[in-house]
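Computation of the quantities below employed the complete heavy-atom set of this structure, encompassing side-chain atoms and omitting hydrogens, waters and symmetry-equivalent molecules. Quick note: residue numbers are just sequence positions, from 1.
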Amino acid sequence: MATKDCDEVRLSHDLSEGEIKATRKRREKVLMSLKTFGIRCDQNNVPNIAVLGSGGGLRAMISMLGTLVELKNQNFLDAVTYLCGVSGSTWCMSLLYGERKWSENLMLLEKELCKQLSTFSWSIWKAEETLEEPSKDENYSLTDFWASCLVYQILQQFDEHELADHKDASEAGINPYPIYAAVDKDQLSEKGPYFPGTWFEFTPHEAGYTALGAFVSTKYFGSEFAEGKTKKKGKKKSICYMQGLWGSAIGSMEENLKYIRDWIDTLFQRRLYTHQGMTSSRLESDPNIFMAYQSAVLLLDLQLCALSGSDPKEVFKKLLNILSEHKGKSASYLLCVEVGKTWAMKTKKERMQSCLELAKKIEKEFGVCLVEEGAPGRMLQLSRHKLQGSLWDILVMLYKTIQCALTWKWGTTNNFLYNCPNNQSSYLVKNKIISLIDAGLAINSAYPLVLRAQRRTDLIISFDFSSGDPFETIKRTATYCQKNGIPFPKIEDQKLDENNPSDCYIFRGDKSCPTVMHFPLFNNVNCSGKIEEYRKRFPTFSVSFPHGDIKDLLEKARLNVSNNSQKILQEIKRLVSSPRANVV
């Protein structure tokens, strides 16, 4: 039976009522699964097994799918209590949990998803349409843009359901219980990835700060709260939006900004020049619109020059030409000249700050909101009477997206802890807004969530789909646990060769900590002698792979499970015969 949604903040380290009921029901399934392996244990001694999937964009999404398929083939999936993901792995999970009995129909779903990923069915018009409404919201951010343009393009699907709709697939015990990871952008910036308060989790029942014990019903995530109670119900956050939030860092800042900048230009060209007969000449006849747009895009180009270190000479030349045409040698023109002269002497951070200062100066002269916060109605007031209806909405969306790109605004949402009594975090209580981003920027695997003491995890089966060092996630987790007094096995005792990893590593500690099985995606077993070749073949920032490459990647992920099935079984047997001490 579904649990009742509550519109009040819950301050407690206990698991939600929904998760307790769901995992209790799941325990029955796990118990039956263990019997098929000849493992017998009583109801109170059923091991809690968690499967972790790391980030890694589309590569991680496909690899997670292949991993789950083989876990099912080997009969291990039914023994898993928790399924937890970061970034690309969450894309796979959220697609699956749209089906109530996905773990029983996984082979069929694999075929359907592979076909979906190989079929070009997304629409630029649909992407633009889905952005118009959220761009009117004061909390619009690049996460909205990312979801509608990148995630929709990669997954070939815009899922308008909500995370709370996945309760049916989570409560009956048929599937593992899902946990999705994010981090607080400001906490990550100020206190780093090893601060427990940085971590934020989502389940079909609750969303909140794991270590702080502060949660709200997933149904009310994004609503306005005051003093621990709902003040105003927020607009629903679709699964596609959540996929954008969870997977907002699949490339470097430079790659992401280039993608955003190109998309803005594409939407402007395709929509504004063709919409309802609005021609280029008619737009150009209004200097406030056309010149402000050109200036804004050139400011994004300057940001890219700051990030990449490329020569900004041509960008400055074009920008100065536009500014001089508009108002001659105005304050913005003079500042642009000064920024150009001092560019070479500044650091990357100082150059980016100069771009923001220049944007603020330009917006005052054009009457366009580029970096200052404000309602859409403040923007382009002189031109609105010429651009009624849908065209005005498109223009607002474009300018707000540019504003977010210049200020690097991601994942902004109402803070449910605002002015909340009895909360220990003064930082969170004082802020109306929080920003949530991809947990891959902290630790690219959701160990902090499954290590939550109340989840009593006995065995962590970690599949690492990262690019680069395949041991970075477990190294960072060891540091996280050491700094926060969380029991975790030592990893220094084993040789970890990042350039030539094996396919399975087992880390055990005393009975106070879980056992960890770690599986690098590309290794000296499933692609011997070709590890670097495969890493280059499947880059993180990729919107598609050929059908043959998808099949190959699925096979590599499956091999990591099938080649180590006996090791997995032995660890499960060992846990049952010698259960560890779970202390909350």
Side-chain angles (χ1 to χ4, degrees), residues 55-57 59 87 141-143 145-146 149-150 185-186 188-190 192-193 247-266 268 293-324 332-363 370-371 401-410 435 437-438 440-442 444 466-469 472 498-499 532 535-543:
R59 178 187 64 246
S87 200
S141 74
L142 290 178
T143 301
F145 182 88
W146 206 243
C149 293
L150 183 87
K185 181 173 178 281
D186 294 325
L188 179 65
S189 176
E190 293 175 14
S248 56
I250 66 171
S252 66
M253 186 178 184
E254 181 183 343
E255 288 175 317
N256 290 2
L257 186 57
K258 185 178 186 302
Y259 179 88
I260 293 164
R261 184 254 182 263
D262 290 346
W263 252 102
I264 288 171
D265 205 36
T266 299
F268 183 81
Y293 169 77
Q294 288 181 310
S295 299
V297 171
L298 286 169
L299 285 168
L300 292 183
D301 289 338
L302 270 186
Q303 289 277 41
L304 280 167
C305 289
L307 287 166
S308 65
S310 56
D311 189 352
K313 184 178 179 181
E314 284 301 313
V315 181
F316 276 117
K317 183 179 178 181
K318 292 177 183 178
L319 188 54
L320 286 169
N321 185 51
I322 291 171
L323 295 176
S324 62
S332 62
Y333 178 91
L334 295 174
L335 179 58
C336 188
V337 171
E338 179 63 23
V339 171
K341 286 181 179 179
T342 59
W343 187 267
M345 297 177 283
K346 292 181 177 179
T347 64
K348 181 191 295 187
K349 186 175 180 180
E350 289 171 339
R351 290 172 181 174
M352 294 178 72
Q353 183 59 38
S354 294
C355 291
L356 290 179
E357 292 171 3
L358 187 53
K360 290 177 182 179
K361 190 70 70 175
I362 290 172
E363 77 175 22
L370 294 180
V371 295
T401 302
I402 291 171
Q403 176 195 86
C404 292
L406 288 171
T407 55
W408 212 236
K409 182 180 177 183
W410 291 86
S435 297
I437 55 174
D438 193 326
L441 292 166
N444 198 30
S466 308
S467 61
D469 184 355
E472 184 177 5
E498 64 181 85
N499 296 315
E532 193 57 34
R535 288 175 178 174
K536 290 179 180 178
R537 187 173 152 197
F538 295 98
T540 302
F541 197 87
S542 181
V543 297

* Asked: Is there a side-chain contact (heavy atoms from CB on, under 4.5 Å) between Met352 and Met253 once you walk through the steps?
  -> CA-CA 12 Å; Met352 294 178 72; Met253 186 178 184; 3.3 Å; yes
query: Between Lys317 and Lys313, does a side-chain contact (heavy atoms from CB on, under 4.5 Å) hold up when you go through it step by step?
result: CA-CA 6 Å; Lys317 183 179 178 181; Lys313 184 178 179 181; 5.8 Å; no
Subject >> CA sep, side-chain torsions, deciding dist, call: Arg535, Glu532, salt bridge (charged side-chain N to carboxylate O under 4.0 Å, His left out) >> reply: CA-CA 5 Å; Arg535 288 175 178 174; Glu532 193 57 34; 3.7 Å; yes
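Between the CG atom in Leu298 and the CG atom in Leu304 there is a gap of 11.5 Å [rounded to 0.5 Å]. Expressed to the nearest 0.5 Å, how far CD of Glu314 lies from CG of Asp301 amounts to 11.5 Å. Between Leu358 atom CG and Leu319 atom CG the span is 6.0 Å, to the nearest 0.5 Å. We find the CG-CG distance between Leu299 and Leu356 to be 9.0 Å, quoted to the nearest 0.5 Å. In this structure, CH2 in Trp146 is found 4.5 Å from CH2 in Trp410, a value given to the nearest 0.5 Å. Interatomic distance, Cys305 SG to Arg351 CZ, rounded to the nearest 0.5 Å: 9.5 Å.
The two residues Cys404 and Ser141 come nearest to each other via the heavy atoms SG-CA, 3.6 Å. When every heavy atom of Pro312 is checked against every heavy atom of Trp343, the shortest pair comes out as CG-NE1, 3.4 Å. Residues Thr401 and Leu142 come closest through the heavy atom pair O-CD2, 3.8 Å. For Ser354 against Val339, the heavy-atom pair with the smallest separation is CB-CG1, 3.9 Å. Minimum heavy-atom separation, Leu302 to Cys355: CB-SG, 3.6 Å. Between Ala359 and Leu406, the closest heavy-atom pair is CB-CD1, 4.0 Å.
At least one side-chain heavy atom of Arg261 sits less than 4.5 Å from a side-chain heavy atom of Asp265.
Counting non-hydrogen atoms of neighbouring residues, nucleotides and ligands closer than 6.0 angstrom, the NZ atom of Lys346 exceeds 12 such neighbours.
In terms of modelled atom types and a separation under 3.5 Å, the side chain of Ser189 and the main chain of Lys185 share no donor-acceptor contact. Checking side-chain atoms of Ser332 against main-chain N and O of Lys361 turns up no donor-acceptor pair under 3.5 Å.
Arg59 and Thr540 are linked by a side-chain donor-acceptor pair at a separation below 3.5 angstrom, with hydrogens and angles left out of the test.
Using a 30° and 60° split on the angle between ring planes, Tyr259 and Phe541 fall in the perpendicular class, above 60°.
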